[in-house]
Asker: 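Below are the structure tokens for one structure; questions will follow.
Atom set for the values below is all heavy atoms of this structure, side chains included, hydrogens, waters and symmetry mates excluded.
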Amino acid sequence: MEIYSHIRTPILYVVLLAAMSTLALSCTQVGFYKTTCPPAEGIVKSVVQSAIRSNLTIAPGLLRMFFHDCFVNGCDASILIDGLSAEKIVVQNLALRGFEVIQAAKSKLETVCPGVVSCADILALAARDSVVQSGGMNWEVPTGRRDGLVSRDTDAKKLPGSTDNVTSQIKKFADKGLSIQDLVTLVGGHTIGTAACGRFDYRLYNYNNTNKPDPDIDQEFLAKLKTHCPCKSNNTNRVPLDTNSETNFDNSYYGNVRNGQGVLESDSKLWSDGRTHKFVQQFLGSSNRLKFKKQFGRAMVKLSNVEVKTGNQGEIPEKIVVQNLALRGFEVIQAAKSKLETVCPGVVSCADILALAARDSVVQSGGMNWEVPTGRRDGLVSRDTDAKKLPGSTDNVTSQIKKFADKGLSIQDLVTLVGGHTIGTAACGRFDYRLYNYNNTNKPDPDIDQEFLAKLKTHCPCKSNNTNRVPLDTNSETNFDNSYYGNVRNGQGVLESDSKLWSDGRTHKFVQQFLGSSNRLKFKKQFGRAMVKLSNVEVKTGNQGEIRRELKF
């Protein structure tokens, strides 16, 4: 799956794609997996329900992810593809959440029906189940999609935005074969979820460069928003898109839009524009709640058939490249890039921002400072197939050594750099096989300390929600120190890849050299040196690559 950052789709291809998408409408069908994978829909539903019970924000996350996927070259799961030039790194997608839920469902389905159920169908089902779990009505989801092979950040500019006026929104929906009624219905999905202040605070303080608020905002509501989003404060604070109802799927959103309490500008203008006004009006009040929920299901089915790939198009991947699904912090790189572009436009690469941010994160967590060599340029191509070279949590020591050696890194570098696991957490699904069925023995990994095993089982019960998270360095997940190595020695390494470093002679001595409080400073210094070495792996400089200007991370 190669992701190209500078290829424009030929007009002929667009015409052919449109023709094929029309034909594809008849190829998805309700119950597509009835014979090939009967438990498919039940498995997805179970995973989604479990995840939402643990974290209510997963529901709007999955719904939004599906919408964003469908609006960019159809419902083909290309939003899941990783890469520096992929869809998921544009500003509209930075706050998407729920990737780990799709991964969990895919993993379970691959054990039951390998190579059968597409990620695109999992995402379509998960969106429906998220709505139902939040109080919406059920609808039948046509399935039979296949997954796309290409994901381009440039294509993601087709996404509707929070600053779009009604004319722009209508055009973007019409380009996907969706009507004005579909538009007003689907944005009703904003009845669940929140928005960061940075997405709309210009409306509170400097609307259209007037140094005044948007006059369409209700004055009492404006005061509340200003309380949550003070001027020039942390613009990552979040507020409900549907006041007092952000976890309930109902029609109260439309009442807020009518009353000048729409948070996003794109939502707020739906009441004042005659083309959308009547459709907002038809969903107002408790008497129209059921009407909205039914219509929302119909509109979602229509959306779910936008430019779908079926038959021999696309693929059914065996797995998602999972190592990158739970990555977080994209919005931080985005914020730094935005500020730098206002001061030094076109000068600082995203690659250098990331290298500096990694160092600053360590220092902020208690690690030592180091000098970061800069001057990198940003790559132009990102392929998920290349990401399979990443070290994995199930890798044995030989595999780890080889992967690091392929990048010019020594065994000492390996042991030092995985010490970065002194901060952070891991989802149970990454390691719970070690607790219950190690190497298909139906027994735990014998290398795990028994007391620690009992604790892990408490956090990660068998066959439960495998998105629960535990510290990689027990009792020290926010402090950058060397306690991780003591845990590895004591059979308390969470990941299999970490736990084997003590028992293998090639890595044992390097773990040993970092043990104890007397070696804390030694580890911190060595970590900085290893990070500098890592940061110079296959870098692009001079005329290679580019200095990315746009906000696409």
Side-chain angles (χ1 to χ4, degrees), residues 5 68 82-97 153-154 156-157 159 161-164 194-214 225-239 263-266 324 327-365 367 369-380 382 423 480 528 531-532 535 539-541 544-553:
S5 64
H68 285 215
D82 286 313
L84 289 176
S85 297
E87 293 168 31
K88 66 163 57 174
I89 54 79
V90 300
V91 64
Q92 296 98 318
N93 292 334
L94 290 180
L96 290 181
R97 61 185 67 195
D153 58 349
T154 49
K157 293 176 182 177
L159 281 166
S162 57
T163 62
D164 285 352
T194 60
C197 292
R199 295 295 298 280
F200 62 87
D201 57 2
Y202 67 94
R203 299 185 67 211
L204 313 183
Y205 301 100
N206 189 23
Y207 183 64
N208 285 344
N209 295 316
T210 60
N211 285 319
K212 296 179 181 179
D214 183 342
L225 289 178
K226 284 185 171 182
T227 301
H228 290 294
C229 308
C231 184
K232 297 183 180 179
S233 70
N234 173 17
N235 69 358
T236 60
N237 291 344
R238 304 188 71 84
V239 301
V263 174
L264 304 180
E265 181 177 2
S266 55
N324 293 335
L327 291 181
R328 61 186 65 191
F330 293 103
E331 71 281 2
V332 178
I333 306 302
Q334 154 67 20
K337 180 64 174 174
S338 296
K339 289 190 176 183
L340 284 165
E341 282 298 312
T342 62
V343 179
C344 314
V347 174
V348 184
S349 68
C350 300
D352 277 343
I353 294 172
L354 189 51
L356 292 165
R359 186 270 312 274
D360 296 339
S361 296
V362 169
V363 174
Q364 187 72 5
S365 302
N369 189 45
W370 68 86
E371 296 291 338
V372 177
T374 48
R376 300 167 189 80
R377 289 172 65 84
D378 300 323
L380 302 175
S382 179
I423 52 176
F480 197 91
M531 284 291 284
V532 170
S535 75
V539 294
K540 294 167 179 64
T541 59
Q544 300 169 312
E546 67 175 357
I547 302 295
R548 196 166 296 126
R549 294 290 305 277
E550 295 185 58
L551 309 180
K552 39 188 185 181
F553 306 97

Asker: So, Arg359 side chain and Glu371 main chain: donor-acceptor pair closer than 3.5 Å or not?
Answerer: no

Asker: Between CG of Asp214 and CG of Leu204, what distance do you get to the nearest 0.5 Å?
Answerer: 9.0 Å

Asker: Between Ala86 and Asp153, which heavy-atom pair has the shortest distance, and what is it?
Answerer: O-CB, 3.4 Å

Asker: For the backbone of Cys197 and the side chain of Asn237, can you confirm whether one donor and one acceptor N or O come within less than 3.5 Å of each other?
Answerer: no

Asker: How close do Val263 and Val239 get, heavy atom to heavy atom, and via which atoms?
Answerer: CG1-CG2, 4.1 Å

Asker: Main chain of Asp201, side chain of Lys226: is a donor-acceptor contact present, judged purely on distance under 3.5 Å?
Answerer: no

Asker: Taking Gln544's backbone N and O only, do any of them form a donor-acceptor pair with Arg377's side chain (distance below 3.5 Å, no angle check)?
Answerer: yes

Asker: Check whether Glu341 reaches the backbone of Gly346 with its side chain - one donor and one acceptor, N or O, closer than 3.5 Å.
Answerer: yes

Asker: Give the minimum heavy-atom separation between Val348 and Asp352, together with the two atoms involved.
Answerer: CG1-CB, 4.5 Å

Asker: Do Asp378 side-chain atoms and Cys350 backbone N/O form a donor-acceptor pair below 3.5 Å?
Answerer: yes

Asker: State the OG1-CG distance between Thr374 and Leu356, to the nearest 0.5 angstrom.
Answerer: 6.5 Å

Asker: State whether the side chain of Ser349 and the backbone N or O of Arg376 hold a donor-acceptor pair below 3.5 Å, judged by distance alone.
Answerer: yes

Asker: Less than 4.5 Å apart, side chain to side chain, heavy atoms only: is that true for Glu265 and Phe200?
Answerer: no

Asker: Say you draw a straight line from NZ of Lys339 to CD1 of Ile353; how long is it, rounded to the nearest 0.5 Å?
Answerer: 12.0 Å

Asker: Please check: side-chain N/O of Arg199 versus main-chain N/O of Arg238, any donor-acceptor pairing under 3.5 Å?
Answerer: no

Asker: Enter the distance from Asn208:CG to Arg203:CZ here, rounded to the nearest 0.5 Å.
Answerer: 10.5 Å

Asker: Grab the two heavy atoms, one from Ser266 and one from Gly161, that are nearest each other, plus how far apart they are.
Answerer: CB-O, 3.6 Å

Asker: To check you understand the geometry: which heavy-atom pair defines the closest contact between Gly375 and Thr541, and what is its length?
Answerer: O-CG2, 3.6 Å

Asker: Is there side-chain contact between Leu159 and His68, with at least one heavy-atom pair below 4.5 Å?
Answerer: yes

Asker: Check step by step if side chain to side chain contact (heavy atoms under 4.5 Å, CB included) holds for Glu87 and Asn93.
Answerer: CA-CA 7 Å; Glu87 293 168 31; Asn93 292 334; 4.2 Å; yes

